[in-house]
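In what follows, a structure is listed as structure tokens, so that the remarks can point back to it.
When reading the values below, keep in mind they use all heavy atoms of this one structure, side chains included, and skip hydrogens, waters and symmetry mates.
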Amino acid sequence: MDAAGPAPKRERRWRIRLRRDRSLLVMTVPAVVLLAVFAYAPMLGLVTAFQSYDIYSGFWYSPLVGVKNFERLFQDPIFWHALENTLVISAVQLVLYFPVPIALALLFNEVASGRVRAFVQAVVYLPHFFSWVLVVTVFQEMLGGAGALNTLLRRHGYETWDIMTNPEAFKFLVTAQAVWKEAGWGVIVFLAALAAIDQSLYEAAAADGAGRWRRLWHVTLPGMRGVIVLMLVLRLGNALTVGFEQMLVQRQAVGRDASEVLDTFAYYYGVVNNNFSYGAAAGLFKGVLSLLLVLAANKLAHAFGEDGLYRR
């Protein structure tokens, strides 16, 4: 009797939770289905990285070649150049882009007027919904050879500078485009972190004579630290993805040497050349390296006393 007692109790508790959370579970079904269909099911195609894949035979009948695709990949100087470009652009974006949403969230938090804050947030969020083609077009109209900046310089007798076709400035250009398009959307997470900070901490700090900057340093930033570390770990895990469409649209303007990244390499030398196994090998290498970056970043977060993506 005693041995059989806990099991029915646990079953009753699960039934109660299921009835209570049934609507939430139903709401998650579409997200789980989309994730399974578009994220996990395509991973079956990674087997082509170890095959000499033939589109007519399919991966069931294409011959296995082991790691020959990876051997060829690691001997390809274009691949290493694409990896170098990817890491350089990612590093520039990490330094120049990552702090921007944090700074914007802090600024929005200081705006007293709710209407002004809502209006500015709406304006800053809007570019997130633009396509990369539209974003590049806007920058072309502002910074291109016939854009507003060069028109103004030409009118006043100064030398023009076509930033949109300058390979040396390309990494800063794509970072500026990413900031304009996505920084406002990234603010949402940090605003939620600010809303979770206990307001009594600000009151206690003000009572102790702390000014605005000291409250920011000793209350606001420590309260956001966990979310900042989490977003940094996610950013490092996504470091090798720097915008396929963004690079593709601007490839002709700046040339292959400046715009070739791992995603465009896998596309041009895999899909376009009908060498799907080679492209799959490049994609698998990128995925494994991204996983290692996430694990390393999460380990570093644990070393600083934060949870990161998961607790130890």
- [ ] Give the minimum heavy-atom separation between T160 and L153, together with the two atoms involved.
- [x] CA-CD1, 4.3 Å
Task: Which atom of A280 lies closest to which atom of T48, heavy atoms considered - done: CB-OG1, 3.3 Å
Can you check whether [X] reaches [Y] side chain to side chain, under 4.5 Å on heavy atoms?
| X | Y | value |
| --- | --- | --- |
| F265 | T86 | no |
| L236 | L94 | yes |
| Q250 | M164 | yes |
| V242 | M247 | yes |
| M43 | Y40 | yes |
| V254 | N166 | no |
| F172 | I163 | no |
| N275 | R72 | yes |

Look at atom [atom1] of [X] and say whether more than 12 heavy atoms of other residues, nucleotides or ligands are closer to it than 6.0 Å.
| X | atom1 | result |
| --- | --- | --- |
| R154 | CZ | yes |
| L34 | CG | yes |
| F38 | CZ | no |
| W80 | CH2 | yes |

[X], [Y]: one ILVMFWY side-chain cluster at the under-4.5 Å cut-off?
| X | Y | result |
| --- | --- | --- |
| L44 | Y53 | no |
| W180 | I102 | no |
| L173 | F130 | yes |
| V95 | V100 | no |
| V174 | V133 | yes |

Is it true that a side-chain atom of [X] and a backbone atom of [Y] form a donor plus acceptor pair closer than 3.5 Å?
| X | Y | result |
| --- | --- | --- |
| R117 | F108 | yes |
| N69 | Q51 | yes |
| N150 | W161 | yes |
| N85 | D257 | yes |
| K171 | I89 | no |
| S131 | L134 | yes |
| S57 | S62 | no |

- [ ] Using only heavy-atom distances, determine whether the side chains of Y61 and D54 contain a donor-acceptor pair under 3.5 Å.
- [x] no
Task: Between K286 and T241: side-chain donor-acceptor atoms closer than 3.5 Å - done: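 T241 and K286 do have a side-chain donor-acceptor pair below 3.5 Å.
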Atom [atom1] of [X] and atom [atom2] of [Y]: how far apart are they, to the nearest 0.5 Å?
| X | Y | atom1 | atom2 | answer |
| --- | --- | --- | --- | --- |
| F285 | F79 | CZ | CZ | 4.0 Å |
| Q252 | S259 | CD | OG | 10.0 Å |
| L194 | L106 | CG | CG | 6.0 Å |
| S90 | Y97 | OG | OH | 12.0 Å |
| N238 | M231 | CG | CE | 10.0 Å |
| T165 | L143 | OG1 | CG | 11.0 Å |

Open item on the list: Is the distance between the ring centroids of W132 and F244 under 6.0 Å?
Closed with: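 No, the ring of F244 stays outside the 6.0 Å limit from the ring of W132, centre to centre.
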Task: Stepwise side-chain contact (heavy atoms from CB on, under 4.5 Å) test for F190 and I228 - done: CA-CA 8 Å; F190 297 108; I228 292 174; 3.8 Å; yes
- [ ] Please step through side-chain contact (heavy atoms from CB on, under 4.5 Å) for the pair D76 and Y278, ending with a clear verdict.
- [x] CA-CA 11 Å; D76 191 344; Y278 196 55; 2.7 Å; yes
TODO: Would you please classify the geometry between the F70 ring and the F50 ring as parallel, tilted or perpendicular, with 30° and 60° separating the classes?
DONE: tilted
- [ ] List the steps, then state whether salt bridge (charged side-chain N to carboxylate O under 4.0 Å, His left out) holds for E260 with R251.
- [x] CA-CA 8 Å; E260 192 78 278; R251 182 184 178 91; 3.0 Å; yes
- [ ] Take V124 and W185 through the side-chain contact (heavy atoms from CB on, under 4.5 Å) test and state the conclusion after the steps.
- [x] CA-CA 8 Å; V124 174; W185 190 255; over 6 Å; no
